[in-house]
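We name chains A, B, ... by the order of the sequence lines, and we start the count at 1 in each one.
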Number of protein chains: 2
Amino acid sequence: MGDAHEDLQPPARLRALTSWQAHKVSTVGARMTARHMPLTARSDFAVLAALEEYGPLSQADLGRRLGLDRNDVSGIVTRLHTGGHVDREANPEDRRRNLVTVNKTGLRYLDEIQRNADKAQAELLSGLDANERRQLHALLAKALEAHRGEPA
Amino acid sequence: MGDAHEDLQPPARLRALTSWQAHKVSTVGARMTARHMPLTARSDFAVLAALEEYGPLSQADLGRRLGLDRNDVSGIVTRLHTGGHVDREANPEDRRRNLVTVNKTGLRYLDEIQRNADKAQAELLSGLDANERRQLHALLAKALEAHRGEPA
DNA sequence: GGAAAGCGTTGGGCGACCCAACGTTGTGAG
DNA sequence: CTCACAACGTTGGGTCGCCCAACGCTTTCC
């Protein structure tokens, strides 16, 4: 007799769309993330990770690297600079560009975000075992490969 | 020699996050979708698909089914109703609820969106063969399973 | 009968994406 | 050398999705 709280499955046409699945996974991920840190930390993480791995970059390069618009990069860098995580100075060799650099505070912040992101990730993927997680990761990476350097 | 357009890979820390990958796949999917139809068609598709599969529903049920907020369902249903795709009438057995029903126009619209969604999907997954697509789909479904009926 | 809960609606905030414009600065062609 | 062109960073704006809060109405449950 009546399951108290019927199953409430989404319609088949929706479940069939990989794009919709990815969207759902993404927003569930955002929810898990929000339980550990403010959502803005996600863009902070992206920028700081890029600066840590590739060294000082201009904002335009950051945008290309991360697939973000110059506009939005501007805001993120301003936020990071205000928070003391990043130094921003004019590039003497090309005064159009800003040279953005992570400092020690920023690196500590980066590691903190990393820890929280790992927690959120574990919660998000709680339904998959280690093998499945690796497969999912590989398949997503391959799907993205086909679209590298597409817009900005 | 310099490769003319350096590779511009995102940082490893980012690539390692499944949540970030899913987000990227989702927004690339949105971009592909936008090449075939207005983006609002995505929510239209969700609502129409639910109504087609489960019959007339209240807006609250729609929200639960699709994982959307009542607030947003309200706007979507209004848009669909204005466009003539959906009938909305008070449920005589419970006058709090609206009974939302797809009509013939709505079903034609649904099929049109389906065709465009399929095109977008094909472009999105162009890097994967049929097997990989099935695997990706199954893994995403399994990951989502663990989070069913979570918020609203 | 009255409190509690559910419904649909409105208004608002936030993050991410994207477009357009501006002033500044470098580049390259004539 | 000059002048058109391109790239950079910034600002302002628009959209879409998610989420919270409040309201008035209706139903349900004690």
Chemist: Which is more 5' along DNA chain D, the nucleotide nearest A/Asp72 or the one nearest A/Arg97? Just name the residue.
Modeler: A/Arg97
Chemist: How close or far is atom P of C/dC17 from atom CE of B/Met32, stated in whole angstroms?
Modeler: 15 Å
Chemist: Near DNA chain D, under 4.0 Å by heavy atom, which residues of residues 41-60 of chain B?
Modeler: B/Arg42, B/Ser43
Chemist: Where is the tightest heavy-atom contact between A/Val25 and B/Ala22, given as atom of each residue plus distance?
Modeler: CG1-CB, 3.7 Å
Chemist: Give the nucleotide from the list C/dC17, D/dC16, C/dT10 with an atom nearest to the side chain of A/Leu68.
Modeler: C/dC17
Chemist: Taking all non-hydrogen atoms of both residues, which atom of B/Ser19 and which atom of A/Gly29 are closest, and how far apart?
Modeler: OG-CA, 4.0 Å
Chemist: How close do A/Tyr54 and B/Pro10 get, counting heavy atoms only, and between which atoms?
Modeler: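 The answer is OH-O, 3.7 Å.
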Chemist: Just to be sure I understand the rule, does B/Thr40 reach a base, reach only the sugar-phosphate, or reach nothing, if contact means heavy atoms closer than 4.0 Å?
Modeler: sugar-phosphate
Chemist: Which whole-number value in Å describes the distance from B/Asp69 CG to C/dC7 P?
Modeler: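 It is 13 Å, rounded to the nearest whole Å.
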Chemist: Under 4.0 Å between a side-chain N/O of B/Arg88 and OP1 or OP2 of C/dG8, yes or no?
Modeler: no
Chemist: Who are the side chain to side chain contact (heavy atoms under 4.5 Å, CB included) partners of A/Arg115, not counting sequence neighbours?
Modeler: A/Asp111, A/Glu112
Chemist: My understanding is that only one of B/Asn98, B/Thr78, B/Asp72 makes a side chain to side chain donor-acceptor pair (under 3.5 Å) with B/Gln59; could you say which?
Modeler: B/Asn98
Chemist: Using every non-hydrogen atom in the two residues, find where B/Leu48 and B/His85 come nearest and quote the distance to one decimal.
Modeler: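 Between these two residues, the closest heavy atoms are CD2-O, 4.4 Å.
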Chemist: Looking at B/Leu51 and B/Val102, what are the two nearest heavy atoms and their distance?
Modeler: CB-CG2, 3.2 Å
Chemist: Of the options D/dC19, C/dT9, D/dT10, whose atoms approach the side-chain atoms of B/Ser74 most closely?
Modeler: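 From the listed options, C/dT9 comes nearest.
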Chemist: Between P on D/dC16 and CZ on B/Arg31, what's the gap in Å once rounded to a whole number?
Modeler: 17 Å
Chemist: Counting heavy atoms from C-beta on, name the nucleotide in D/dT11, C/dC17, D/dC8 closest to the side chain of B/His23.
Modeler: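 Nucleotide nearest to B/His23's side chain: C/dC17.
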Chemist: Distance from B/Glu53 atom CD to B/Arg65 atom CZ, nearest 0.5 Å?
Modeler: 8.0 Å
Chemist: In whole angstrom, give the distance that lies between atom CZ of B/Arg70 and atom C1' of C/dA5.
Modeler: 11 Å
Chemist: Give a yes/no answer on whether the side chain of B/Asn71 brings an N or O atom under 4.0 Å of OP1 or OP2 in D/dA21.
Modeler: no
Chemist: Output one line per pair: protein atom, nucleotide atom from nucleotides 24-30 of chain D, and distance, for all N/O pairs under 3.5 Å.
Modeler:
residue, atom, partner, partner atom, Å
D/dT27, OP1, B/Arg95, N, 2.9

Chemist: Counting only N and O atoms by type, is there a donor-acceptor contact under 3.5 Å from the side chain of B/His147 to the main-chain atoms of A/Ser126?
Modeler: no
